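Keep in mind that this is a model prediction, so the values were computed, not measured.
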Amino acid sequence: GAGVSQTPSNKVTEKGKYVELRCDPISGHTALYWYRQSLGQGPEFLIYFQGTGAADDSGLPNDRFFAVRPEGSVSTLKIQRTERGDSAVYLCASSSGPTGPGELFFGEGSRLTVL
Amino acid sequence: TQLLEQSPQFLSIQEGENLTVYCNSSSVFSSLQWYRQEPGEGPVLLVTVVTGGEVKKLKRLTFQFGDARKDSSLHITAAQPGDTGLYLCAGVRDSNYQLIWGAGTKLIIKP
(Lines give C-alpha, C1' and ligand atoms only; values in the text may rest on other atoms or scores of the structure.)
Protein backbone atom coordinates (compact mmCIF):
# COMPACT_ATOMS: atom_id res chain seq x y z
CA GLY A 1 0.00 0.00 0.00
CA ALA A 2 0.96 3.61 -0.34
CA GLY A 3 0.67 4.57 3.31
CA VAL A 4 1.72 3.30 6.72
CA SER A 5 -0.28 0.22 7.64
CA GLN A 6 -0.91 -0.88 11.23
CA THR A 7 -2.51 -4.08 12.44
CA PRO A 8 -4.64 -4.85 14.26
CA SER A 9 -6.73 -1.69 14.23
CA ASN A 10 -8.33 -2.76 17.51
CA LYS A 11 -7.12 -5.17 20.15
CA VAL A 12 -8.94 -6.06 23.35
CA THR A 13 -7.02 -8.18 25.80
CA GLU A 14 -7.06 -9.16 29.44
CA LYS A 15 -4.65 -7.92 32.03
CA GLY A 16 -1.49 -10.01 32.09
CA LYS A 17 -1.68 -11.13 28.47
CA TYR A 18 0.95 -10.62 25.76
CA VAL A 19 0.21 -8.50 22.68
CA GLU A 20 1.98 -7.70 19.44
CA LEU A 21 1.26 -4.67 17.29
CA ARG A 22 2.55 -4.53 13.74
CA CYS A 23 3.61 -1.60 11.58
CA ASP A 24 4.34 -1.71 7.86
CA PRO A 25 5.95 1.62 6.90
CA ILE A 26 6.04 3.37 3.56
CA SER A 27 8.38 1.52 1.24
CA GLY A 28 11.87 2.99 1.32
CA HIS A 29 11.43 4.94 4.54
CA THR A 30 14.40 4.26 6.75
CA ALA A 31 13.11 5.94 9.89
CA LEU A 32 10.30 4.40 11.91
CA TYR A 33 8.73 5.70 15.11
CA TRP A 34 6.34 4.26 17.65
CA TYR A 35 4.18 6.61 19.69
CA ARG A 36 1.45 6.12 22.24
CA GLN A 37 -1.51 8.47 22.40
CA SER A 38 -4.07 8.72 25.16
CA LEU A 39 -7.42 10.44 24.69
CA GLY A 40 -7.06 14.20 24.42
CA GLN A 41 -3.27 14.09 24.45
CA GLY A 42 -0.50 14.48 21.94
CA PRO A 43 1.61 11.51 20.85
CA GLU A 44 4.08 10.21 23.46
CA PHE A 45 7.37 9.00 21.99
CA LEU A 46 8.25 5.36 22.60
CA ILE A 47 11.04 4.28 20.26
CA TYR A 48 12.81 5.31 17.05
CA PHE A 49 14.42 3.00 14.50
CA GLN A 50 16.90 4.02 11.82
CA GLY A 51 17.12 0.99 9.59
CA THR A 52 17.20 -2.19 11.65
CA GLY A 53 18.57 -0.68 14.82
CA ALA A 54 16.77 1.06 17.64
CA ALA A 55 18.48 4.44 17.63
CA ASP A 56 16.57 5.59 20.71
CA ASP A 57 14.35 3.50 22.96
CA SER A 58 14.31 5.96 25.84
CA GLY A 59 10.55 6.42 25.59
CA LEU A 60 9.68 2.81 26.37
CA PRO A 61 7.98 3.03 29.77
CA ASN A 62 9.46 -0.17 31.24
CA ASP A 63 10.92 -3.54 30.32
CA ARG A 64 7.50 -4.98 29.48
CA PHE A 65 7.72 -3.04 26.22
CA PHE A 66 9.98 -4.13 23.39
CA ALA A 67 10.12 -3.43 19.66
CA VAL A 68 11.96 -4.98 16.74
CA ARG A 69 12.56 -4.19 13.10
CA PRO A 70 14.65 -7.14 11.93
CA GLU A 71 14.82 -6.37 8.21
CA GLY A 72 14.58 -2.60 8.34
CA SER A 73 11.01 -2.50 7.15
CA VAL A 74 8.16 -4.00 9.18
CA SER A 75 8.29 -3.36 12.92
CA THR A 76 6.56 -5.12 15.79
CA LEU A 77 5.84 -3.56 19.18
CA LYS A 78 5.58 -6.22 21.86
CA ILE A 79 3.96 -5.72 25.24
CA GLN A 80 4.28 -8.37 27.93
CA ARG A 81 2.07 -8.79 31.00
CA THR A 82 -0.27 -6.04 29.87
CA GLU A 83 -1.73 -3.67 32.45
CA ARG A 84 -4.87 -1.53 32.30
CA GLY A 85 -2.67 1.56 32.09
CA ASP A 86 -1.30 0.32 28.76
CA SER A 87 -4.66 1.04 27.15
CA ALA A 88 -4.11 3.68 24.45
CA VAL A 89 -3.80 4.14 20.71
CA TYR A 90 -0.39 3.04 19.51
CA LEU A 91 0.71 5.04 16.49
CA CYS A 92 3.44 4.16 14.05
CA ALA A 93 5.06 6.71 11.75
CA SER A 94 7.76 6.59 9.12
CA SER A 95 9.87 9.17 7.38
CA SER A 96 12.49 9.18 4.67
CA GLY A 97 15.10 11.40 6.26
CA PRO A 98 17.92 10.31 8.55
CA THR A 99 18.78 13.96 9.22
CA GLY A 100 15.90 15.25 11.26
CA PRO A 101 12.36 13.92 11.27
CA GLY A 102 11.13 15.81 8.21
CA GLU A 103 7.53 14.90 7.55
CA LEU A 104 6.21 11.99 9.57
CA PHE A 105 3.64 9.78 7.88
CA PHE A 106 1.39 8.14 10.42
CA GLY A 107 -0.68 5.01 10.30
CA GLU A 108 -4.22 4.95 11.63
CA GLY A 109 -3.07 3.43 14.88
CA SER A 110 -3.81 0.31 16.87
CA ARG A 111 -6.26 0.87 19.68
CA LEU A 112 -5.32 -1.35 22.62
CA THR A 113 -7.80 -1.95 25.42
CA VAL A 114 -6.66 -3.92 28.44
CA LEU A 115 -9.54 -5.15 30.58
CA THR B 1 5.94 19.31 32.51
CA GLN B 2 4.67 19.93 28.98
CA LEU B 3 7.52 21.42 26.95
CA LEU B 4 5.07 22.68 24.34
CA GLU B 5 1.91 24.28 25.68
CA GLN B 6 -1.05 24.53 23.36
CA SER B 7 -3.99 26.81 23.97
CA PRO B 8 -6.85 26.68 24.08
CA GLN B 9 -7.24 22.98 24.80
CA PHE B 10 -10.74 23.02 23.34
CA LEU B 11 -12.55 25.44 21.05
CA SER B 12 -16.07 25.23 19.64
CA ILE B 13 -17.22 27.99 17.29
CA GLN B 14 -19.72 28.65 14.53
CA GLU B 15 -18.97 28.25 10.86
CA GLY B 16 -17.63 31.48 9.37
CA GLU B 17 -15.85 32.72 12.49
CA ASN B 18 -12.11 33.30 12.76
CA LEU B 19 -9.90 31.68 15.37
CA THR B 20 -6.31 31.47 16.54
CA VAL B 21 -4.61 28.64 18.42
CA TYR B 22 -1.25 28.95 20.09
CA CYS B 23 1.78 26.79 20.71
CA ASN B 24 4.23 28.12 23.30
CA SER B 25 7.48 27.00 24.84
CA SER B 26 10.43 28.31 26.80
CA SER B 27 12.69 26.25 24.55
CA VAL B 28 14.08 27.19 21.14
CA PHE B 29 13.25 24.90 18.23
CA SER B 30 15.06 24.58 14.93
CA SER B 31 11.69 24.07 13.27
CA LEU B 32 8.08 23.50 14.20
CA GLN B 33 5.42 21.40 12.57
CA TRP B 34 1.62 21.61 12.70
CA TYR B 35 -0.46 18.47 12.25
CA ARG B 36 -4.18 17.86 12.09
CA GLN B 37 -5.68 14.63 13.40
CA GLU B 38 -9.21 13.38 12.80
CA PRO B 39 -10.87 10.69 14.94
CA GLY B 40 -9.60 7.20 14.19
CA GLU B 41 -6.72 8.44 12.07
CA GLY B 42 -3.10 9.39 12.55
CA PRO B 43 -1.91 13.01 12.46
CA VAL B 44 -1.34 14.54 9.03
CA LEU B 45 1.29 17.22 8.48
CA LEU B 46 -0.06 20.65 7.53
CA VAL B 47 3.08 22.77 7.51
CA THR B 48 6.66 23.11 8.74
CA VAL B 49 8.02 26.50 9.74
CA VAL B 50 11.77 26.95 10.00
CA THR B 51 12.79 30.60 10.12
CA GLY B 52 12.02 32.94 13.03
CA GLY B 53 9.19 35.26 12.02
CA GLU B 54 8.19 33.05 9.11
CA VAL B 55 4.59 33.14 7.95
CA LYS B 56 3.09 30.40 5.80
CA LYS B 57 -0.38 30.30 4.33
CA LEU B 58 -2.36 27.23 3.39
CA LYS B 59 -5.66 28.43 1.91
CA ARG B 60 -7.57 29.82 4.93
CA LEU B 61 -4.90 28.72 7.42
CA THR B 62 -2.04 31.05 8.38
CA PHE B 63 0.90 29.74 10.39
CA GLN B 64 3.45 31.94 12.09
CA PHE B 65 6.72 31.05 13.79
CA GLY B 66 7.82 33.42 16.54
CA ASP B 67 10.90 35.57 16.02
CA ALA B 68 12.73 33.71 18.78
CA ARG B 69 11.55 30.31 17.46
CA LYS B 70 9.93 29.46 20.79
CA ASP B 71 6.30 29.81 19.81
CA SER B 72 3.89 29.52 16.92
CA SER B 73 0.31 30.31 16.05
CA LEU B 74 -2.29 28.98 13.68
CA HIS B 75 -5.00 31.35 12.48
CA ILE B 76 -8.04 30.07 10.60
CA THR B 77 -10.19 32.51 8.65
CA ALA B 78 -13.86 31.81 8.02
CA ALA B 79 -13.76 28.40 9.69
CA GLN B 80 -15.69 25.56 8.06
CA PRO B 81 -17.00 22.28 9.52
CA GLY B 82 -14.28 20.47 7.56
CA ASP B 83 -11.69 22.21 9.75
CA THR B 84 -12.90 20.20 12.75
CA GLY B 85 -10.14 18.10 14.29
CA LEU B 86 -7.30 17.94 16.78
CA TYR B 87 -4.52 20.38 15.90
CA LEU B 88 -1.10 19.37 17.18
CA CYS B 89 2.14 21.30 17.15
CA ALA B 90 5.48 19.52 17.31
CA GLY B 91 8.89 21.13 17.74
CA VAL B 92 12.25 19.90 16.51
CA ARG B 93 15.30 20.70 18.63
CA ASP B 94 18.73 20.93 17.04
CA SER B 95 17.67 19.08 13.91
CA ASN B 96 17.67 15.71 15.58
CA TYR B 97 15.08 13.05 15.01
CA GLN B 98 13.00 13.85 18.06
CA LEU B 99 9.73 15.74 17.89
CA ILE B 100 8.43 17.41 21.06
CA TRP B 101 4.64 17.30 20.92
CA GLY B 102 2.01 19.56 22.39
CA ALA B 103 -1.18 18.11 23.84
CA GLY B 104 -3.28 19.54 21.01
CA THR B 105 -6.23 21.87 20.52
CA LYS B 106 -9.53 20.14 19.84
CA LEU B 107 -11.44 22.31 17.39
CA ILE B 108 -15.12 21.90 16.57
CA ILE B 109 -16.75 24.03 13.89
CA LYS B 110 -20.52 23.96 14.05
CA PRO B 111 -22.52 24.43 10.84
*Asks:* Below 4.0 angstrom, N of the basic side chain to O of the carboxylate: do Arg22(A) and Glu20(A) qualify?
*Replies:*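 No, this pair does not count.
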*Asks:* Relative to chain B, which segment of Gln37(A) carries a heavy atom at a distance below 4.5 Å: side chain, backbone, both, or neither?
*Replies:*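 Side chain only.
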*Asks:* Relative to each other, are the rings of Tyr35(A) and Phe45(A) parallel, tilted or perpendicular (30° and 60° limits)?
*Replies:*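 Plane angle over 60°, so perpendicular.
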*Asks:* Heavy-atom pairs under 4.5 Å with chain B - which of Gly40(A), Ala93(A), Gly109(A), Pro43(A) has more of them than the others?
*Replies:*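 Looking at each of Gly40(A), Ala93(A), Gly109(A), Pro43(A) in turn, Pro43(A) comes out on top.
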*Asks:* Show the nearest heavy-atom pair for residues Tyr35(B) and Leu104(A), with the distance to one decimal.
*Replies:*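 So the two residues come closest at OH-N, 3.3 Å.
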*Asks:* Is Gln37(B) in contact with chain A via its backbone, its side chain, both, or neither, using a 4.5 Å heavy-atom distance?
*Replies:*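 For Gln37(B), side-chain heavy atoms alone lie under 4.5 Å from chain A.
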*Asks:* If we ignore angles and hydrogens, is there a donor and acceptor under 3.5 Å between the side chains of His29(A) and Ser95(A)?
*Replies:*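 There is no such pair between these side chains.
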